[in-house]
Protein chains: 2
Amino acid sequence: MVEKKTIKLDDVAELAGVSKTTVSRVLNNRGYLSDKTIKKVHDAMDKLNYRPNVIARQLFKQKTNLVALVFPTVDNPFFAELEAELEKRFDQLGYRVLMGNSQNNPAKEQDYLKLLLNHQVDGLIVGSHNQGISEYQKTTRPIVSIERFVGKQIPVVSSDNYQGGLLAVQRLLNDGCKHIIHTNYPINLVSPNELRQQAYEDLMNRHHRKPITYSVSFDVSDEEKERVFRKMFREHPEVDGIFADNDTNASLIIRVGKEFNRHVPDDLKVVGYDGANITRTLSPELTTIQQPIPEMATKAVELLLQLIDGKTDVKSVTLPVKMINSTTA
Amino acid sequence: MVEKKTIKLDDVAELAGVSKTTVSRVLNNRGYLSDKTIKKVHDAMDKLNYRPNVIARQLFKQKTNLVALVFPTVDNPFFAELEAELEKRFDQLGYRVLMGNSQNNPAKEQDYLKLLLNHQVDGLIVGSHNQGISEYQKTTRPIVSIERFVGKQIPVVSSDNYQGGLLAVQRLLNDGCKHIIHTNYPINLVSPNELRQQAYEDLMNRHHRKPITYSVSFDVSDEEKERVFRKMFREHPEVDGIFADNDTNASLIIRVGKEFNRHVPDDLKVVGYDGANITRTLSPELTTIQQPIPEMATKAVELLLQLIDGKTDVKSVTLPVKMINSTTA
DNA sequence: TAACCTATGTTTACCGGTTACCATAAAGAT
DNA sequence: ATCTTTATGGTAACCGGTAAACATAGGTTA
């Protein structure tokens, strides 16, 4: 077998007939350089197919140009679009992106944080739904959170969940729904998500209706979720409107509704939440509250860069949501 | 502001009252160590909240435990599920995963490869749809491709596209369709995908029907794709069956069909392709050919590890597909 | 008692760039 | 003719672990 040794900076210097220092100068565009030398060096690099070892540079510079994304899973329309948007922006800024799917498992999230921090990432964007992860308190590394309170000093980018809740429930009320049920994550999760439920309850109370919320965990199977929704239809046959906490659940509810002979929008109206691209392509009929995913990505990246630049007065932001009117409500 | 210096191995050694070597031995579980010493070292690490600098280790060991995924975009049901499955497996094996969304742009794919290789990734899994990327020829780094021919020596994991094509078209024929149209990527892409079209054409010819294929680029907007499908319905009003190259297109076709007053399954039957989880949750009514995404991920990881381990006789594999019967055909 | 195993320390080279510092020399400006 | 700017080289320290090589010493075993 051919012994293929790695081409290093010294090899380039030798072939180009210049010093190691000069090659480094060319690579980093530093100091005085003649066009002739630059060309010589580039030619040598091409000939040898030289690839600078980023690791060595990272070690010296104490900067990796790596960021990590920690979310429950990328296999979900909202997170997929968000991570794609984040990656696109980071790429443009010269950062590579590490993926961390925490599966909504606190132990896994903790492990991921530890591992990713060990990899000397320059920053993290987290949107996992666990709490009590001590790792966040231990590190001073830049972190921005999306739609979730993580710690006192960690800025949060969220959409206007209270407004989203109001829009959804108001829509159902306007459509004449008398018995509106809300589905949400287990509420022990400290998340701006909670505000959706708050809006639902406030609006229901204002209309002298009893708020009823069904909890559905994020990380269980579709079958498990459907079981909860069947229970919901059995326990509340009077239900005529549902404000679902996400579009996937809205879709499942519509399907389970059919089993109970309830058809949207005639005898059941459903409003979802998120309004991701994939969802709108695959379920165009769904009325939903759309989170401004691209804008959230932009803002999160912006805040993280501020932290990386050493800014200390980085503030959380809330972005407006939009109602997408379709035929399920 | 508090000057917070990075804790390094020497600091741990000093606090624990042992030598640098001993700490390194504890970290790497190497050589002889007494329980007492191990505890001392761990205590010191905890007290200092020491995080070994992975970069330094990577530099010395010439191993990063990083792999990169290069796919068009993660914001797509198939790739999202595939990348999630890949990440899960790599995580279990101690590898971190870098995300590279090439947007189906050859220049971007080339850039990504260069950048990710510079980051000294131990391997890559690619599933982008571009061709003529010279970078693949230049590197000797382990690469496994998914559903795409990249280069002579690069193993490919694909599902049985020919069989998938047969299943889909046979289903439409059995359902009594007389005028079946196929949609696919522009066929200049060298991809096992082509076999689906081959199966479609073979089966059509066998039944003395004229095969008609509409090309739809992957990376254009939904609106653009819908324009193509409208054109299709206008040019072929006789169409009564469609074999779409992916579920998203199937969904768009069904929607556009409604504009032309064609309703599935009564006056139009549609079979999609991919059968990803998200799609099946959001469009449960879609009849489709399901690719074995988890198995493909398992196989791709397995092959990549073989390459990383230096094996040379790593073979491409083809995995069976499955028909998901529902109501659109 | 010699031989061996266990448990640690010391020293040092190494991984592959980066960069500060100093030296040298030719071209251009004053 | 002197000063400055431009262009390059050489040397060495540094980033933070890793590990080979060798030394030392107490405990066990044949």
Side-chain angles (χ1 to χ4, degrees), chain A residues 4-45 48-66 114-115 117-122 141, chain B residues 4-45 48-66 114-115 117-122 141:
Chain A
K4 53 180 92 95
K5 84 190 227 320
T6 338
I7 308 298
K8 52 178 77 169
L9 199 140
D10 300 275
D11 302 317
V12 176
E14 199 185 350
L15 182 64
V18 299
S19 76
K20 204 181 155 190
T21 306
T22 300
V23 178
S24 179
R25 282 183 185 133
V26 172
L27 274 175
N28 296 284
N29 213 4
R30 216 168 27 82
Y32 297 112
L33 289 165
S34 68
D35 292 347
K36 203 177 64 210
T37 304
I38 293 175
K39 189 178 176 332
K40 267 197 306 187
V41 171
H42 278 138
D43 286 352
M45 295 199 299
L48 294 171
N49 190 27
Y50 169 70
R51 323 215 133 284
N53 186 328
V54 176
I55 304 294
R57 177 187 281 142
Q58 288 172 344
L59 181 58
F60 186 86
K61 295 244 186 128
Q62 303 290 4
K63 174 115 170 72
T64 54
N65 275 36
L66 285 176
K114 208 177 279 189
L115 286 165
L117 288 171
N118 286 0
H119 268 276
Q120 309 295 117
V121 294
D122 291 337
R141 215 71 66 91
Chain B
K4 53 180 90 101
K5 84 190 226 324
T6 339
I7 308 299
K8 52 178 78 169
L9 197 141
D10 300 275
D11 302 317
V12 176
E14 198 186 351
L15 182 64
V18 300
S19 76
K20 206 181 153 189
T21 304
T22 300
V23 177
S24 178
R25 281 179 184 138
V26 171
L27 274 174
N28 297 284
N29 213 2
R30 216 169 25 82
Y32 296 113
L33 290 167
S34 68
D35 293 347
K36 203 176 65 213
T37 304
I38 293 174
K39 189 179 176 329
K40 268 196 306 186
V41 172
H42 278 138
D43 286 350
M45 295 199 299
L48 295 171
N49 190 28
Y50 169 70
R51 323 213 132 286
N53 186 328
V54 175
I55 303 293
R57 177 188 281 140
Q58 287 172 346
L59 181 58
F60 186 87
K61 295 243 187 131
Q62 302 291 3
K63 174 114 170 75
T64 54
N65 279 320
L66 285 175
K114 209 177 276 189
L115 286 165
L117 288 171
N118 287 358
H119 267 278
Q120 308 295 117
V121 295
D122 292 338
R141 214 71 65 90

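Values reported hereafter were calculated over all heavy atoms of this structure, with side chains retained and with hydrogens, waters and symmetry mates removed. The shown structure was predicted, so the numbers you read here are calculated from the model rather than taken from an experiment.
Taking each heavy atom of A:Thr64 and A:His119 in turn, the nearest pair found is CG2-O, 4.0 Å. B:Asp122 and B:Lys63 make their closest contact through OD2-NZ, 2.9 Å (heavy atoms, listed as atom of the first residue, atom of the second, distance).
Rounded to an integer number of Å, the gap from NZ of B:Lys20 to C1' of C:dC14 is 11 Å. Rounded to an integer number of Å, the gap from B:Leu9 CG to C:dC14 P is 20 Å. Following rounding to the nearest Å, A:Glu14 (CD) and D:dG9 (P) show an atom-to-atom distance of 13 Å. The CZ-P distance, from A:Phe60 to C:dG17, rounds to 14 Å in whole Å. Regarding B:Asp11, its CG atom lies at a distance of 10 Å from the P atom of D:dG16, rounded to whole Å. Distance NZ (B:Lys40) to P (C:dA7): 13 Å, rounded to an integer number of Å. Atom CG in A:Asn118 sits about 13 Å away from atom C1' in D:dG16, given to the nearest Å.
B:Val18 comes within contact range of the sugar-phosphate backbone alone, with a heavy-atom separation under 4.0 Å but no base atom that close.
A sub-4.0 Å separation between OP1 or OP2 of C:dG16 and a side-chain N or O of B:Gln120 is absent. In terms of phosphate contacts, A:Lys8 brings a side-chain nitrogen or oxygen within less than 4.0 Å of OP1 or OP2 of C:dG16. A close approach under 4.0 Å does occur between a side-chain nitrogen or oxygen of A:Gln62 and OP1 or OP2 of D:dG16.
More than 12 heavy atoms of other residues, nucleotides or ligands lie within 6.0 Å of CG in A:Asn49, so this atom counts as buried by the packing criterion. By the 6.0 Å contact criterion, CD on A:Gln62 is enclosed, its count of non-hydrogen atoms from other residues, nucleotides or ligands being greater than 12.
The side chain of B:Tyr50 approaches D:dG17 more closely than any other nucleotide in the set C:dG16, D:dG17, D:dG10.
Checked for salt-bridge contact, A:Asp43 and A:Lys39 meet the test: a charged N lies under 4.0 Å from a carboxylate O.
Residue order along DNA chain D, read from the 5' end via each residue's closest nucleotide, puts A:Gly17 first among A:Gly17 and B:Asn53.
The stretch residues 23-38 of chain A touches DNA chain D through A:Arg25, A:Tyr32, A:Leu33, A:Ser34, A:Thr37, each having a heavy atom within less than 4.0 Å of the strand.
Put simply, the side chain of A:Thr37 does not reach to within 4.5 Å of the side chain of A:Arg25, judged on heavy atoms.
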